[in-house]
S.K.: 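What follows is a single structure, and I will ask about it in a moment.
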Amino acid sequence: MSSLVGNRAVVLGGSMAGLLAARVLADGYAEVVVVDRDRLSGVTTARRGVPQGRHVHGLLARGQQILEELFPGFTEGAVAAGVPTGDLGELRWYFNGARLEPARTGLICVSAARPVLESHVRARVAALPNVTFLEEHDIAGLVATPDGGRVTGARVRPQAGDGDEVTIEADLVVDTTGRGSRTPVWLEEFGYERPAEEKVKINLTYTTRHFRLPDESILHGDLSINPVSSPSHPRGAFFSRIEGGRCVVSLTGVLGDSAPATPEGFMDFVRSLPVPDIYDVIKDAEPLDDPVSFRYPASVRRHYERLTRFPDGLLVMGDAACSFNPVYGQGMTVAALEALTLRTHLRKGTEPRPLDFLRDIAAVIDVPWNISAGGDLSFPQVEGERPLMVRVMNSYMARLQNAMSRDGVVTRTFMRVAGLVDPPQALMSPGMILRVLLKGGRPQASAPWRAESRTESSIPKDVRISG
Ligand SMILES: Cc1cc2nc3c(=O)[nH]c(=O)nc-3n(C[C@H](O)[C@H](O)[C@H](O)COP(=O)(O)OP(=O)(O)OC[C@H]3O[C@@H](n4cnc5c(N)ncnc54)[C@H](O)[C@@H]3O)c2cc1C
């Protein structure tokens, strides 16, 4: 804490974005207070404020690297606590029903249940001497100067006791309350415009169940099996071995399709996946809970960077700024990248200037947004404009996905880009284009399996698998 830029920073929301913000703010403010409606201390299971925590959460490679940078020894600590890890390129990935040629990437997949990952991050943040948590407090609103030019604190309401509102004064308030953030409403109250919102409606559902395998040798050492949803094979799934000898399966349906949250419906959907691997692994496994569904109607990007006026003393980060289609696994890593951006601003030695910060994180958001929103637009049924660039990229990506079933170099390059480690330009180098052209024909054929058991009637007509 060599150069403090302020006395107190308040972080609204103590999930991943809030924790990572608190970590870097602790270097710039004498005191950091993290407020959340949930009880956080010691919690390692899904909580009310983060219901998506029940579902598979992959941490992208860049996210793992940033966690390691912000919390040295993080990965080793997680492994010591029983979290399995593996090489991201060596997971069992399937695109369009074809298995990707495995490739050693050196990129680490940390395979923890989402609440467990959060608990490891929280433990490291809680160990910082100048960070405190105000748990089980509802955030009611912001406090600002009479002219609305500066946010000076937040109003919070304890869930226990008389429930009277308390104001916490702050030099800086950071909104990390997630997708349901009320900053657009608060801005309006203070006389500002709301940010423009961009939406890509994917109408996605995750349905998740945990299992214990009778014998893990059936996995042949694999950490994860991921038949990824694509226009030709819209039904997808993520299977991961996680801590505590457990496995988690999240089934993904798009455009209104969804795996039922019943044991029978769940297994029917598993049988309808393009490859049999997950069915084979879990058919004799012990279910540890009932299936649970989570609906995700649309990716939402709030373009704060386009505003011309914004109050001092307020920043927005994480899902509050942009919520990505979760199948691309980007949210936590983007929050981590934004935390690094915040650190850069703090290192200037002065309080972050909100519009400068919001423009800088917009630049961070651009690449993952183009990957996920662009990928969603490859489904013809998804509404949205498809400029020439998007059409060209999607047709190139379809060939590239095919090439990955034959060429580990393509797999490795793709994993580095999808993991937000390398820029997308890495996929467009002359050498890569040549490989994609040579090897990107039809994907390696994999015979349809158990076609008779597909529950065709449950797949909406407009997403029915062709071919
Ligand atoms: C089904 C699903 C799967 C996902 N899979 C992945 C994945 O594989 N990889 C990945 O990186 N990301 C994934 N994500 C996204 C990821 O969950 C988020 O990006 C990540 O949690 C960061 O979000 P956040 O911290 O900004 O907000 P959130 O996680 O939404 O947290 C908001 C916090 O604010 C608190 N809060 C909100 N309002 C109030 C209030 N009024 N008063 C008090 N407290 C409040 C909540 O309790 C919560 O703790 C997935 C999302 C979904 C929906």
Side-chain angles (χ1 to χ4, degrees), residues 10-22 34-40 43 46-64 66-67 109-115 117-118 121-122 133-142 154-159 165 174-183 185-186 202 204-208 224 226 228 238 240 248 250-253 258 292-300 302 316-339 361 365 368 372 418-420:
V10 170
V11 180
L12 305 179
S15 177
M16 287 300 278
L19 292 171
L20 296 169
V34 181
V35 187
D36 205 285
R37 58 159 60 116
D38 286 344
R39 197 171 70 76
L40 304 174
V43 173
R47 55 190 177 83
R48 193 169 66 101
V50 186
Q52 73 269 30
R54 294 174 193 279
H55 304 272
V56 166
H57 267 64
L59 177 65
L60 296 184
R62 186 69 188 114
Q64 182 271 335
I66 296 172
L67 287 187
C109 168
V110 177
S111 191
R114 163 56 211 268
L117 184 71
E118 186 180 303
V121 174
R122 192 168 54 238
F133 286 84
L134 203 54
E135 306 176 35
E136 299 178 294
H137 278 66
D138 293 317
I139 298 150
L142 299 179
R155 293 182 287 114
V156 304
R157 205 177 297 118
Q159 288 164 6
E165 265 181 31
V174 182
D175 175 9
T176 55
T177 52
R179 192 181 160 93
S181 155
R182 295 188 50 79
T183 290
V185 177
W186 294 332
I202 187 66
L204 167 77
T205 302
Y206 269 54
T207 304
T208 296
S224 175
N226 305 317
V228 179
F238 300 102
S240 292
V248 54
S250 285
L251 305 174
T252 62
S258 62
V292 176
S293 289
F294 186 102
R295 282 206 53 226
Y296 185 92
S299 303
V300 179
R302 299 192 174 113
V316 184
M317 287 173 60
D319 282 18
C322 187
S323 162
F324 303 86
N325 176 342
V327 302
Y328 301 90
Q330 298 169 323
M332 299 188 295
T333 296
V334 171
L337 286 162
E338 292 169 350
I361 65 161
I365 291 168
S372 61
L420 303 181

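Whatever order the structure lists ligands and atoms in, that order sets their numbers, starting from 1. All heavy atoms count here, side chains included; hydrogens, waters and symmetry mates do not.
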S.K.: Minimum heavy-atom separation for G18 to T176, with atom names?
M.R.: CA-OG1, 3.2 Å
S.K.: I'd like to check which ligand 1 atoms, numbered from 1 as shown, lie under 4.0 Å from a non-hydrogen atom of G331.
M.R.: 10 (C), 11 (O), 12 (N), 19 (O)
S.K.: Is any side-chain heavy atom of L20 closer than 4.5 Å to one of I66?
M.R.: no
S.K.: Polar contacts were defined as any N/O atom of the residue lying under 3.5 Å from an N/O atom of the ligand; does this apply to L59 and ligand 1?
M.R.: no
S.K.: Verify side chain to side chain contact (heavy atoms under 4.5 Å, CB included) between L40 and R47, making sure each step is shown before the conclusion.
M.R.: CA-CA 9 Å; L40 304 174; R47 55 190 177 83; 3.5 Å; yes
S.K.: Distance to 0.1 Å, residue and atom name: give those for the protein heavy atom nearest to atom 27 (O) of ligand 1.
M.R.: G178 CA, 3.4 Å
S.K.: Using heavy atoms and a threshold below 4.0 Å, how should the contact between L60 and ligand 1 be classified: side chain, backbone, both, or neither?
M.R.: neither
S.K.: I want to check something: taking the side chain as every heavy atom from C-beta on, are P326 and H55 in contact at a cut-off of under 4.5 Å?
M.R.: no
S.K.: Whether the side chain of E118 engages the backbone of S15 through a donor-acceptor N/O pair (distance < 3.5 Å, no angle test) should be reported.
M.R.: no
S.K.: What's the verdict on side chain to side chain contact (heavy atoms under 4.5 Å, CB included) for L67 and L59, showing C-alpha distance, side-chain angles and the deciding distance?
M.R.: CA-CA 10 Å; L67 287 187; L59 177 65; 3.7 Å; yes
S.K.: Starting from atom 35 (C) of ligand 1, locate the nearest protein heavy atom and write down its residue, its atom name and how far away it is, to 0.1 Å.
M.R.: D36 OD2, 3.3 Å
S.K.: Could you check M332 against L117 for side chain to side chain contact (heavy atoms under 4.5 Å, CB included), going step by step and ending with a plain yes or no?
M.R.: CA-CA 11 Å; M332 299 188 295; L117 184 71; 3.7 Å; yes
S.K.: Which of the numbered atoms in ligand 1 are under 4.0 angstrom from any heavy atom belonging to D138?
M.R.: 42 (N)
S.K.: Is there a polar contact between ligand 1 and I139, counting only N or O atoms under 3.5 Å apart?
M.R.: yes
S.K.: Measure the shortest side-chain to side-chain distance between F238 and V327 over non-hydrogen atoms and say whether it is less than 4.5 angstrom.
M.R.: yes
S.K.: Non-hydrogen atoms of V56 versus ligand 1: any pair closer than 4.0 Å?
M.R.: yes
S.K.: Report the nearest protein non-hydrogen atom to atom 25 (O) of ligand 1: residue, atom name, distance rounded to 0.1 Å.
M.R.: A17 N, 2.9 Å
S.K.: Would you please determine whether G58 falls within less than 4.0 Å of ligand 1 on a heavy-atom basis?
M.R.: yes
S.K.: Which heavy atom of the protein is the closest neighbour of atom 31 (O) of ligand 1, given with residue, atom name and distance?
M.R.: S15 CB, 3.0 Å
S.K.: Ignoring hydrogens, just give me the one of E135, E118, H57 whose non-hydrogen atom is nearest atom 14 (N) of ligand 1.
M.R.: H57
S.K.: Could you check which of R295, R48, R114, M332 puts a non-hydrogen atom nearest to atom 21 (O) of ligand 1?
M.R.: R114
S.K.: Please could you name the atoms of ligand 1 that G329 approaches to less than 4.0 Å, counting only its heavy atoms?
M.R.: 7 (C), 8 (O), 9 (N), 10 (C), 11 (O)
S.K.: Can you name the closest pair of heavy atoms from R182 and T177 and give their distance?
M.R.: N-OG1, 4.4 Å
S.K.: Which atoms of ligand 1 are found less than 4.0 Å from any heavy atom of M16?
M.R.: 25 (O)
S.K.: Please write down residue, atom name and distance for the protein heavy atom closest to atom 2 (C) of ligand 1.
M.R.: P326 CB, 3.5 Å
S.K.: How far is atom 19 (O) of ligand 1 from the closest protein heavy atom, and which atom is that?
M.R.: D319 OD1, 2.7 Å
S.K.: Considering only the protein, which heavy-atom contact is closest to atom 52 (C) of ligand 1, and what is its distance?
M.R.: Q52 CB, 3.4 Å
S.K.: Any atoms of ligand 1 less than 4.0 Å from a non-hydrogen atom of T176? List them with their elements.
M.R.: 32 (C), 33 (C), 34 (O)
S.K.: May I ask you to check whether R37 has an N/O atom sitting below 3.5 Å from an N/O atom of ligand 1?
M.R.: yes
S.K.: Taking all non-hydrogen atoms of both residues into account, name the closest pair between H137 and V156 and its distance.
M.R.: CD2-CG2, 3.9 Å
S.K.: Looking at A320 and R302, what are the two nearest heavy atoms and their distance?
M.R.: O-NH1, 2.9 Å
S.K.: Say whether R47, considering both its backbone and side-chain N or O atoms, lies within less than 3.5 Å of an N or O atom on ligand 1.
M.R.: yes
S.K.: Can you find a pair of side-chain heavy atoms, one from P297 and one from R295, that are under 4.5 Å apart?
M.R.: yes
S.K.: Do ligand 1 and G318 have nitrogen or oxygen atoms that lie under 3.5 Å from each other?
M.R.: no
S.K.: If I compare all heavy atoms of S250 with all of T208, which pair ends up nearest, and what's the gap?
M.R.: OG-OG1, 2.6 Å
S.K.: What are the two closest non-hydrogen atoms of N325 and Y296, and how far apart are they?
M.R.: N-OH, 3.6 Å
S.K.: Starting from atom 37 (C) of ligand 1, what is the nearest protein heavy atom, named by residue and atom, and what distance separates them?
M.R.: T177 O, 3.4 Å
